[in-house]
S.K.: 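Just dropping this structure here.
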Protein chains: 2
Amino acid sequence: MATIKDVARVAGVSVASVSRVLNNGPKVSKATIEKVTRVMQELNYSPNANARALVTQKSTTLGVVIPNLVDPFFASLAQGVEQVARQKNMQLLLSTGLVSAETEMQAINLLIERRCEVMVIHSKKLSDQALIALANQVPGLVLIDRYIEAIAQRCIWLDNLEGGRIAARHFLALAHKNVACISSKYQIDDPRLRLQGFQSELLSAGVDIEPELIAYGEPTLQGGEIAVQKLLASGKSFSALFVYNDAMAIGAISALEDNGFKVPSEISVLGFDDVLLSRYSRPKLSTLNYPVEEMAIHAASIGIDLASKQPKNTANINCKYIPSLVKRESTSFNLT
Amino acid sequence: MATIKDVARVAGVSVASVSRVLNNGPKVSKATIEKVTRVMQELNYSPNANARALVTQKSTTLGVVIPNLVDPFFASLAQGVEQVARQKNMQLLLSTGLVSAETEMQAINLLIERRCEVMVIHSKKLSDQALIALANQVPGLVLIDRYIEAIAQRCIWLDNLEGGRIAARHFLALAHKNVACISSKYQIDDPRLRLQGFQSELLSAGVDIEPELIAYGEPTLQGGEIAVQKLLASGKSFSALFVYNDAMAIGAISALEDNGFKVPSEISVLGFDDVLLSRYSRPKLSTLNYPVEEMAIHAASIGIDLASKQPKNTANINCKYIPSLVKRESTSFNLT
DNA sequence: TTGAAAGCGATACCAA
DNA sequence: TTGGTATCGCTTTCAA
């Protein structure tokens, strides 16, 4: 592959001149520009981004660390970041398949080795402490879907507690008293807070959830199916079901109908996230909107700003998002 | 950020020695290893991947070019590649948002600038000619979901024509004679071949599709909804509908039911791709399985092999995949 | 407006 | 087993 030296030699100029036309540098004669440009095409020259990154000490790479791509929630997240990357002429370096604190750390370390200056991280396994250390090391690191007090201005997060409360209020408004819940088996903040907000708001209205009516499962379609089976196996009846996320909710509805329960006439089901799919499931899923793509765009923008020499937004940026209720068909007034 | 020189200086050894312990090089004393390792931790040293790539002339990057991430089909594709990347200790460089031949070319050029040696490309806009030129330039470039004769051994593709035939045979076996079809408005090979195989197989059984019963739309959930409306607006009736992909099919079902048609008792709907979602839609979607993740893994593996010094599989690798019918609930015997 | 040369951070060859 | 050093491809002063 042709190098800058080849171009310089063939064009009969110095590498400095080639570099100048490459970077639209100042003070290059039109003649040189034309000559060099022609030779670059002749030789099919492509500048080496690694060499460039090395000498300029800056990467045009935007790192993203997420658990997987198959979950549409994370796909939207990645898509949001990609959008910003494209706009800023940067490229996405993507890591998925994270299962433990070690793999998360490893993924981030690889980004650091690449000297990636801005990164959008979705980490659930790493400790606050580890993340804080990382954030101090990498100015352009932004956490999404996680809140850590010490680096609050680097966290873009959703108020899950309030989300749970909103769900509870919705059920109360629909006169539901026998309420069940499906949460994630991974007891990280999100499911915990959603459940906590949900329970506390119900409780303050005098509604209690029986322990047998809280099931845990893998946060996937299949996980939702299995969790519903556990709920049904308890023998307790319920008229409303709040589910950790849309995927589980749709799995849950699927299993409920397979067991002869009508949604929403017999059981109302409320999801969380508002992934595209929820608009097209049958019945259309009532859910809480999680503006993840918008948040991802926000996160990437902040990261880029923070990584630049003079960051503008140091303080008082609003990093907290509140989910909003999207009422569709899977929830209805309790007639029992 | 600490460099190899800093480590060498503090540890009181040469950079060569540091490099050796970094790469588990041969002939390093245990004492040196320990000393250097300790200093590396002290200084929080992280080797610069760009410098490494420059001097070794090889990147540990696996490039992926796809239209978007939100479509679960492409998400699965990316996930498959990522899986191989992880296993081979490589990282994903991802480009999405492709809308034209220019943007596709640009995305690939950026990968070339990064000296990315293996790339899995999903291109629909670039010409055969352009892709062939690129393939000759980049030994590790593999095309997925596209077939080009001249570089057949670099293409991993699905037999869409046969897919269309399988769909037709399924409808014929279910005694459907009034058949409609929704295709993609982007008349690239995939929809064209699917439709062609579908029509020709029906025709050879004496079944013709009325022109008004072929609609085109955006290959998305919304696109499917809108296309169905066009079909219904034609006033012609039909008992079976073959749809370009699952997303459109689910949108189509949604719109059919909104218009009072029962699926499958009144209208059978058959999708294409078998994305995860199709198992959880209501009714569960009958579709044709497109083993995209498996194909992506295959593509990435071939790319890595091709990019290596002595590729093993030069010829007679099977690059053609055949879709298989997955009968679920959205298709049934015609009783009209 | 142009060129010479230093240097970015690593690897790897050749001597010692 | 170690160290010195040329080198990868480029950018960026500093002089000319």
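Quick note on labels: first sequence line is chain A, next is B, and so on, each numbered from 1. Since we're looking at a predicted model, the values are computed, not measured.
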S.K.: Please enumerate all residues that pass side-chain hydrogen bond (donor to acceptor under 3.5 Å, both in side chains) together with A/Y321, with sequence neighbours excluded.
M.R.: A/H298
S.K.: If you compare all heavy atoms of B/N50 against all heavy atoms of A/L54, which two are closest, and at what distance to 0.1 Å?
M.R.: CB-N, 4.4 Å
S.K.: Closer than 4.0 angstrom, basic N to acidic O: yes or no for A/K124 and A/D145?
M.R.: yes
S.K.: State, to the nearest 10°, the angle formed by the axis through the first five base pairs of the helix from C/dT1-D/dA16 to C/dA16-D/dT1 and the axis through its last five.
M.R.: 40°
S.K.: Determine the minimum heavy-atom distance between B/A8 and B/S14, stating which atoms define it.
M.R.: CB-C, 3.8 Å
S.K.: Of B/Y45 and B/R20, whose nearest nucleotide on DNA chain C comes first from the 5' end?
M.R.: B/Y45
S.K.: Describe the nucleic acid contact of B/N23 in one word from base, sugar-phosphate, nothing, applying a heavy-atom distance below 4.0 Å.
M.R.: sugar-phosphate
S.K.: I need the minimum non-hydrogen distance between B/C116 and B/L62, along with the two atoms involved.
M.R.: SG-C, 3.9 Å
S.K.: Can you list every side chain to side chain donor-acceptor pair (under 3.5 Å) pair that touches residues 58-69 of chain B, not counting sequence neighbours?
M.R.: A/R114-B/T60, A/R114-B/T61
S.K.: Write down the atom of A/L306, the atom of A/G140, and the distance for their closest heavy-atom approach.
M.R.: CB-CA, 4.2 Å
S.K.: Heavy atoms under 4.0 Å, any strand shown: does A/P47 hit a base, just sugar-phosphate, or nothing?
M.R.: sugar-phosphate
S.K.: With heavy atoms of chain A within less than 4.0 Å as the criterion, where does contact along DNA chain C begin and end?
M.R.: C/dT1 to C/dG9
S.K.: Quick check on DNA chain D: between B/A16 and B/V55, whose nearest nucleotide comes earlier from the 5' end?
M.R.: B/A16
S.K.: Of all nucleotides in DNA chain D with an atom under 4.0 Å from a non-hydrogen atom of chain B, which is the first and which the last going 5' to 3'?
M.R.: D/dT1 to D/dG9
S.K.: Quick one: does any side-chain atom of A/T103 pair with a main-chain N or O of A/V99 as donor and acceptor, under 3.5 Å?
M.R.: yes
S.K.: Could you tell me whether A/T56 contacts a base, only the sugar-phosphate backbone, or nothing, with contacts defined as non-hydrogen atoms closer than 4.0 Å?
M.R.: sugar-phosphate
S.K.: Under the side chain to side chain donor-acceptor pair (under 3.5 Å) rule, what do B/E104 and B/S123 come out as? Steps first, then yes or no, please.
M.R.: CA-CA 7 Å; B/E104 287 188 356; B/S123 166; 2.5 Å; yes
S.K.: Taking all non-hydrogen atoms of both residues into account, name the closest pair between B/L134 and B/I112 and its distance.
M.R.: CD1-CD1, 4.3 Å
S.K.: Should the pair A/F73 and A/H122 be assigned to parallel (<30°), tilted (30 to 60°) or perpendicular (>60°) ring geometry?
M.R.: perpendicular
S.K.: Specify the closest pair of heavy atoms between B/S308 and B/D305, including all atoms of both residues, with the distance to one decimal.
M.R.: OG-O, 2.6 Å
S.K.: A/M105 pairs by side chain to side chain contact (heavy atoms under 4.5 Å, CB included) with which of A/L110, A/L98, A/L126?
M.R.: A/L126
S.K.: Pick base, sugar-phosphate or nothing for B/V18, based on heavy-atom distances below 4.0 Å to the nucleic acid.
M.R.: nothing
S.K.: Counting only heavy atoms and a strict 4.0 angstrom limit, can you tell me which residues of residues 28-44 of chain A come near DNA chain C?
M.R.: A/V28, A/S29, A/T32
S.K.: Return the 5'-most residue of the pair A/S46, B/V15 with respect to DNA chain D, ranking by each residue's nearest nucleotide.
M.R.: B/V15
